[in-house]
Amino acid sequence: MNGDASGVGGENFDWNTDDELEVNDFSLSSCSSLTPPNGEAVVGCGEARSTAGCSNSKLIDHFIGMGFSKKMVSKAIQENGEENTDSILETLLTYSAIESSPRGQHDVDSDNSSLDSGGSFLDDFSDIDSSSDTEEIMIPESDVDGKLLSLVKMGYTVDEASIAIERCGQNSSLVELTDFICAAQMAKVADAHFPELPLEVKPKLKHCDFSKHKKRKLSDYAMWKKKRRNGVHDDDDETIHLPNPMTGFGAPGEPCQTISRTLPEAAVGPPFFYYENVALAPKGVWTTISRFLYDVEPEFVDSKYFCAAARKRGYVHNLPIENRFPLLPLPPRTIHEALPLTRKWWPSWDQRTKLNCIQTCIGSAKLTERIRKALEDYDGEPPLRVQKYVLDECRKWNLVWVGRNKVAPLEPDEVEMLLGFPRNHTRGGGISRTDRYKSLGNSFQVDTVAYHLSVLKDMFPGGINLLSLFSGIGGAEVALHRLGIRLKNVVSVEISEVNRNILRCWWEQTNQRGNLIDLADVQQLNGDRLEQMMSSFGGFDLVVGGSPCNNLAGSNRHHRDGLEGKESALFYDYFRILDLVKCIMTKAQ
DNA sequence: CTCAGAATGAGTGTAGCG
DNA sequence: CGCTACACTCATTCTGAG
């Protein structure tokens, strides 16, 4: 959804910040402290909550030896109690992940003037090793010893730091190094083998599955042990498998798959939430997302079951799944229905009925010219070799036939139509053609999302209050509007100014009577701000968000870094804000 | 400066087949 | 089962023209 996450970069975390603790104290102490919720379920089992600091120095040393800082360990033990080593570890790993995400640390390349924290939820740790702050920023790129020292001061072991510098290169930034270490630590969690962790914590850490899968897990575990004996490496113990066909809990016109499901207790609203991202993310990503989002099983849906273009996405939500209904009129389901004018030019040897995923770039005019030249030498059917070349390019760039031997990329308004937006939704506001494609390529497929959200219509006849994170061009807003669900108060967070303009423009054009508040940065949304807004109109009914996929998407050749990548780590902000909203709503009841 | 074109693969899943 | 071939993917970065 996010149109342009660049520039959000992590410049806002300050280890030294000792102000602005009020909101975060609230979020950390009275809420679930940013551990994955199922981790907290484990916490709940341990009555012995240590309030008197950490008397057990052996326990502290144990975790320090694993590479965590002393302050962090103390805090985690205080949170979880001394008995629950497994939940302590999980908490620590979570903290590490969040710290090394862009939100959680300095970006050494960024403008130093922005160092004042917008109120990070980790500010509770802001008194850690106070000396390291300005030093990290001053370190020259080539100062290996300085980086090593900084990393050790941040709580990593010398070994971890050395390996990271070796693997990332001596000129790598501290951000890259911490990301690397963090990725390694996260990999340990995802890796079912846990080779370096003490035996006693291994089995419990595997507790990150869905209740309905537990049987399968046991058998898988047995299988893994068997394979391990045979020397076979198996690392997909914890991966979530994509369904085939990818229709989620059902799509209109498709055979019914699941008619009911039971949500984990912690997932039940209010508020309802709806999270989206690419289905084909690197291994382990969806396991992590699901673990954070209250262990809800993702619903994987390919929008080709809703419209004429494929779009494989995963949705984690706590909405009911009974009595869904589609948007009317039903959108065209084939290329020919969607683009009837292309039909007369479509050669018989191009058998496509669905378009591939709509992305952010389009094929060039030069390419269509090359294709025309390759075809024009032949009167009837071109040879198979040429057919294959043309078809491969057509599939890669989503080209359609617009004339004799002539293919062309989709026009922006055709993309809008395919994705379920009103025609010219992204036009105006001085947005370039390139940027229109980019914003559209990052958006929801409205019919798909609307089908999932349709269950809200009967539940909220008076309309809803919506928190929309990473709104992009407003896919969720358009979906709700087209469903006839009144938008009372909408708080929309979107980094891209052109996208905010597009949403504002749509809001005015559709004569919305509600109230639209738009913010640029999720970091502006702290507990204070939320509480203030929620008290003014009585809380949110729905929290929607599709966090940036830049570092998850297969098309990204350069920085497919997974959930800890610069932009995609904003997922943790989605969770942070959702959890804050949950806490405030619970408190208000 | 903006904009469009071009170059830049790997990771993942799956169908088919012996 | 294991292998192989194949299809597909909400992208980034550089360059050159205007």
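In what follows, every chain begins at residue 1, and chains take the letters A, B, ... in the order their sequences are listed.
The shortest distance between the side-chain N/O atoms of A/Asn244 and the OP1/OP2 oxygens of B/dA15 is below 4.0 Å. The shortest distance between the side-chain N/O atoms of A/Ser364 and the OP1/OP2 oxygens of B/dA6 is below 4.0 Å. Between A/Ser555 and C/dA11 there is a side-chain polar atom (N or O) within less than 4.0 angstrom of OP1 or OP2. Residue A/Arg313 places at least one side-chain N or O under 4.0 Å from the OP1 or OP2 atom of C/dC10. A sub-4.0 Å separation between OP1 or OP2 of C/dC10 and a side-chain N or O of A/Asn550 is absent. Checking the phosphate oxygens (OP1, OP2) of C/dA11, a side-chain nitrogen or oxygen of A/Gln359 falls inside 4.0 Å.
The separation of C/dC8 from B/dT8, taken at their P atoms, amounts to 22 Å, rounded to a whole angstrom.
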Return all side-chain donor-acceptor pairs below 3.5 angstrom for residues 398-408 of chain A, not counting sequence neighbours, or 'none' if the list is empty.
unit_1: A/Asn398; atom_1: OD1; unit_2: A/Asn356; atom_2: N; d: 2.8
unit_1: A/Asn398; atom_1: ND2; unit_2: A/Asn356; atom_2: O; d: 2.8
unit_1: A/Asn398; atom_1: ND2; unit_2: A/Cys357; atom_2: O; d: 3.3
unit_1: A/Trp401; atom_1: NE1; unit_2: A/Asp350; atom_2: OD2; d: 2.8

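Rounded to an integer number of Å, the gap from A/Arg557 CZ to B/dG9 C1' is 6 Å. Taking atom CE of A/Met246 as the reference point, atom P of B/dT14 lies 7 Å away to the nearest angstrom. In this structure, NZ of A/Lys438 is placed 14 Å from C1' of B/dT2, rounded to the nearest angstrom. Here C/dT12 presents its C1' atom at 14 Å from CG of A/Asp435, a figure rounded to the nearest Å. When rounded to the nearest whole Å, the span between NE2 of A/His241 and P of B/dT12 equals 12 Å. Atom NZ of A/Lys566 and atom P of C/dA11 are 18 Å apart (whole Å). In this entry the distance linking CH2 of A/Trp286 with P of B/dT12 reads 15 Å, nearest Å.
Looking only at atom types and distance, the side chain of A/His452 has no donor-acceptor partner in the side chain of A/Tyr315 under 3.5 Å away. In this model, no donor atom of one side chain and acceptor atom of the other lie less than 3.5 Å apart for A/Tyr451 and A/Gln445. For the residue pair A/Gln512 and A/Thr510, a side-chain donor N or O sits within less than 3.5 Å of a side-chain acceptor on the partner.
Using a 4.5 Å heavy-atom cutoff, the side chains of A/Pro298 and A/Ile289 are not in contact. A/Glu381 is listed as a side-chain neighbour of A/Ser348, based on a closest heavy-atom distance under 4.5 Å.
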Between A/Glu477 and A/Ser471, does a side chain to side chain contact (heavy atoms under 4.5 Å, CB included) hold up when you go through it step by step? CA-CA 8 Å; A/Glu477 288 83 349; A/Ser471 305; 3.9 Å; yes
Report the C-alpha separation of A/Leu503 and A/Asp518 in whole Å, then their side-chain angles, then the decisive distance to 0.1 Å, and conclude whether the side chain to side chain contact (heavy atoms under 4.5 Å, CB included) test is met. CA-CA 9 Å; A/Leu503 179 59; A/Asp518 53 2; 5.8 Å; no
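A salt bridge links A/Arg372 with A/Glu376: the closest approach of a Lys/Arg side-chain nitrogen to an acidic carboxylate oxygen falls below 4.0 angstrom. A salt bridge is absent between A/Lys366 and A/Glu369: the closest approach of a Lys/Arg side-chain nitrogen to an acidic carboxylate oxygen does not fall below 4.0 angstrom. Ion pair A/Lys438/A/Asp435 not flagged as a salt bridge, since none of the NZ, NE, NH1 or NH2 atoms sits closer than 4.0 Å to an Asp/Glu carboxylate oxygen.
Heavy atoms from other residues, nucleotides or ligands lying under 6.0 Å from CZ of A/Arg433 number more than 12.
Taking the six-membered ring wherever Trp is involved, the centroid distance between the rings of A/Trp506 and A/Phe421 does not fall below 6.0 Å. Centroid-to-centroid, the aromatic rings of A/Phe575 and A/Tyr275 stay 6.0 Å apart or farther.
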Pairs counted only when both distances fall under 3.5 Å, Watson-Crick or G-U: show me the 5' to 3' dot-bracket for DNA chain C, [ ] for pseudoknotted crossings and | for other-strand partners. |||||||||.||||||||
Where do N or O atoms of nucleotides 13-18 of chain C meet protein N or O atoms at under 3.5 Å, pair by pair?
unit_1: C/dT13; atom_1: OP1; unit_2: A/His559; atom_2: NE2; d: 2.9

What N/O pairs connect the protein and nucleotides 2-8 of chain C at under 3.5 Å? Give each pair on its own line.
unit_1: C/dC8; atom_1: OP2; unit_2: A/Arg395; atom_2: NE; d: 3.4

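Residues passing the side-chain contact (heavy atoms from CB on, under 4.5 Å) test with A/Ala365: none are found, sequence neighbours excluded.
A/Arg311 comes within 4.0 angstrom of a base, heavy atoms only.
Of the residues in residues 365-376 of chain A, those with a non-hydrogen atom less than 4.0 angstrom from any atom of DNA chain B are A/Ala365, A/Lys366.
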